[in-house]
Amino acid sequence: MIVDNQYIYEGIRNLVEEINLNEKIDFFYSYHNVAFRKRYCNDDIFCPVSLKKCTEDFWKQYDVFFSFHCKQLFPDALVKNHRCINIHPGFNPYNRGWFPQVFSILNQQPIGVTIHEMDSEIDHGPIIYQEEVLIESYDTSYDVYQKILQKEMEMLRRNLYSLVKGEYNAVSVKAIGNINYKEDFNRLCKLKLDQVGTLGEHINLLRALTFEGYKNAYFEEGSKKIYTSIKFEIEENQMRN
Ligand code: 0FX
């Protein structure tokens with residue numbers, strides 16, 4: 001299992017202990033994940049791995065590989081010759097690639113969690129399990145991402161056993177959908193103050209770029225970058241209804 005997300009790592013470790021899988025499972029994180037390198041440097045059951053540098057002799061020790069928000073692309077030789085499963089925080093084939101919820105807030109395409117067999121394309125391959133999460137009009141990227149993380153753990157709790165054992169039917173996706181890259185996200189972050197659109201579109205752009213702990217949206221004034229985000233508050237008696 002290759003895991004580069006703290007929340008998922010903790011969840012999956014607990015889950016593996018709870019469910020009796022009766023299998024040997026090794027945990028790895030990406031060699032360039034600096035935060036994990038610091039945190040887990042003394043941990044001998046969670047080790048860094050560079051997928052590019054691994055040989056077939058290494059791969060053939062395992063029956064199945066899992067990518068849990070892995071920061072590396074799986075090499076062709078790995079996905080073509082071994083069973084590889086991706087737990088993807090998006091609803092394939094819509095907004096595959098970079099930060100799916102950001103783009104779903106903007107283009108209203110479905111968002112959720114897709115567990116799929118991997119092929120040579122990004123976030124592509126036959127779908128094993130898939131569930132949607134709903135985006136409220138006042139959800140920021142952060143809010144939607146929390147729903148996704150929760151949904152991922154729910155789905156893994158229900159399905160980890162069958163995923164490990166290979167007891168499932170995977171269905172090929174017919175639609176191509178769309179894919180976004182890091183550069184698309186970076187382009188969105190640079191706000192154009194003369195951009196024409198409805199107020200609703202402007203609010204959607206800001207909520208798509210609002211994520212606690214990250215400075216995303218900004219505009220420039222001379223040499224200064226001014227960062228901005230949006231906050232929503234629901235009237236209290238409305239929340240109780
Ligand atoms: O775990 P993850 O969602 O991302 C990882 C990999 O980093 C990524 O390469 C892979 N495609 C994905 C499936 O798994 O964590 P993250 O910290 O990279 O991003 C989490 C969320 O944080 C993201 O959906 C949006 C938000 N974010 C992140 C960064 C780095 C921002 O809003 N701004 C940022 O600059």
Side-chain angles (χ1 to χ4, degrees), residues 3-15 18 35 39 68-69 87-115 123 129-160 177-178 180 182 184-221 224-241:
V3 198
D4 279 309
N5 178 288
Q6 186 70 40
Y7 176 86
I8 304 278
Y9 177 61
E10 281 163 18
I12 202 80
R13 287 305 304 259
N14 290 336
L15 205 53
E18 254 176 61
R39 187 180 262 263
F68 294 97
H69 296 213
I87 288 67
H88 172 62
F91 198 87
N92 290 359
Y94 308 106
N95 294 320
R96 292 158 46 217
W98 208 251
F99 302 166
Q101 81 280 0
V102 168
F103 296 91
S104 283
I105 289 173
L106 293 173
N107 62 17
Q108 269 110 49
Q109 294 291 353
I111 184 72
V113 175
T114 304
I115 301 182
D123 303 326
Y129 301 112
Q130 184 174 52
E131 288 183 28
E132 203 173 335
V133 302
L134 289 182
I135 302 181
E136 301 287 355
S137 59
Y138 46 83
D139 278 342
T140 62
S141 165
Y142 178 87
D143 299 326
V144 182
Y145 188 72
Q146 301 314 308
K147 293 185 194 180
I148 292 171
L149 288 180
Q150 226 183 332
K151 177 67 81 186
E152 282 181 323
M153 286 317 303
E154 274 169 41
M155 288 171 69
L156 288 169
R157 178 170 293 281
R158 268 183 272 129
N159 300 309
L160 189 62
N178 66 308
N180 305 293
K182 191 178 181 185
D184 298 311
F185 175 75
N186 290 345
R187 215 171 298 123
L188 287 177
C189 288
K190 184 173 178 176
L191 301 178
K192 296 178 204 78
L193 294 182
D194 56 357
Q195 186 167 320
V196 177
T198 64
L199 183 56
E201 285 165 349
H202 294 323
I203 289 176
N204 284 348
L205 178 58
L206 287 178
R207 69 194 182 97
L209 296 173
T210 295
F211 198 105
E212 267 180 57
Y214 289 112
K215 288 183 192 166
N216 292 328
Y218 68 91
F219 58 90
E220 287 173 331
E221 219 173 61
K224 274 190 295 194
K225 264 187 179 179
I226 293 132
Y227 287 95
T228 184
S229 59
I230 196 165
K231 185 171 177 227
F232 297 93
E233 207 169 310
I234 307 170
E235 195 181 0
E236 254 182 49
N237 55 4
Q238 293 292 319
M239 282 171 75
R240 279 197 291 271
N241 289 339

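Keep in mind that the numbers below use all heavy atoms, side chains included, and drop hydrogens, waters and symmetry copies.
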- [ ] Supply the atom-to-atom distance L15 CG to M153 CE, rounded to the nearest 0.5 angstrom.
- [x] 5.0 Å

- [ ] For E132 and I111, work out which heavy atoms get closest and say how close.
- [x] CG-O, 3.1 Å

- [ ] Locate the shortest heavy-atom distance separating S141 from A208; write the atom from each residue and the value.
- [x] CB-O, 3.3 Å

- [ ] Sort and list the pairs that fulfil salt bridge (Lys or Arg N to Asp or Glu O under 4.0 Å) and have at least one residue in residues 188-205, not counting sequence neighbours.
- [x] K190-E220

Task: Closest heavy-atom pair and its distance - I148, P89 - done: CG2-CB, 3.6 Å

TODO: Grab the two heavy atoms, one from N204 and one from I105, that are nearest each other, plus how far apart they are.
DONE: O-CG2, 3.7 Å

Task: All side-chain contact (heavy atoms from CB on, under 4.5 Å) counterparts of N178, not counting sequence neighbours - done: Y94, N95, N107, N180

Task: Test side-chain hydrogen bond (donor to acceptor under 3.5 Å, both in side chains) applied to D184 - qualifying residues, sequence neighbours left out - done: R187

Open item on the list: Working to the nearest 0.5 angstrom, can you tell me the gap between Q101 CD and Q146 CD?
Closed with: 9.5 Å

- [ ] Test F99 against every option in Y145, F185, Y142 by the ring pair (Phe, Tyr, Trp, His ring centres under 6.0 Å) rule and name the one that passes.
- [x] F185

Open item on the list: The criterion is side-chain hydrogen bond (donor to acceptor under 3.5 Å, both in side chains); which residues satisfy it with N216, sequence neighbours excluded?
Closed with: none

Task: F68 side, atom CZ; D4 side, atom CG - distance, nearest 0.5 Å - done: 12.0 Å

Open item on the list: When you measure from the side chain of N92 to the backbone of D123, do you find a donor-acceptor pair of N or O atoms at a distance under 3.5 Å?
Closed with: yes

Open item on the list: Restricting to side-chain contact (heavy atoms from CB on, under 4.5 Å), what partner residues turn up for K231, sequence neighbours left out?
Closed with: E233

- [ ] Tell me, please, which residues at least two apart from T210 pass side-chain contact (heavy atoms from CB on, under 4.5 Å).
- [x] T140, S229, I230

- [ ] Applying ring pair (Phe, Tyr, Trp, His ring centres under 6.0 Å), name anything that partners F91, two or more places apart in sequence or on another chain.
- [x] none

- [ ] Would you kindly say whether T114 and Q130 are connected by a side-chain donor-acceptor distance under 3.5 Å?
- [x] yes

Task: side-chain hydrogen bond (donor to acceptor under 3.5 Å, both in side chains): pairs with one or both residues in residues 147-158, sequence neighbours excluded - done: E18-R157, H69-E152, E131-K151, E131-R158, D139-K147

Task: Closest non-hydrogen atom pair between H202 and G197, with its separation - done: NE2-O, 3.5 Å

Open item on the list: Just to verify, what does K215 make a side-chain contact (heavy atoms from CB on, under 4.5 Å) with, not counting sequence neighbours?
Closed with: Y227

Open item on the list: Going by the rule ring pair (Phe, Tyr, Trp, His ring centres under 6.0 Å), which residues pair with Y7 if we only count those two or more places apart in sequence or in a different chain?
Closed with: none

Open item on the list: Suppose we screen for ring pair (Phe, Tyr, Trp, His ring centres under 6.0 Å). Which residues come up paired with Y9, at least two apart in sequence or across chains?
Closed with: F27, Y40, F46

- [ ] Could you pull out all residues at least two apart from Y214 that satisfy ring pair (Phe, Tyr, Trp, His ring centres under 6.0 Å)?
- [x] F211

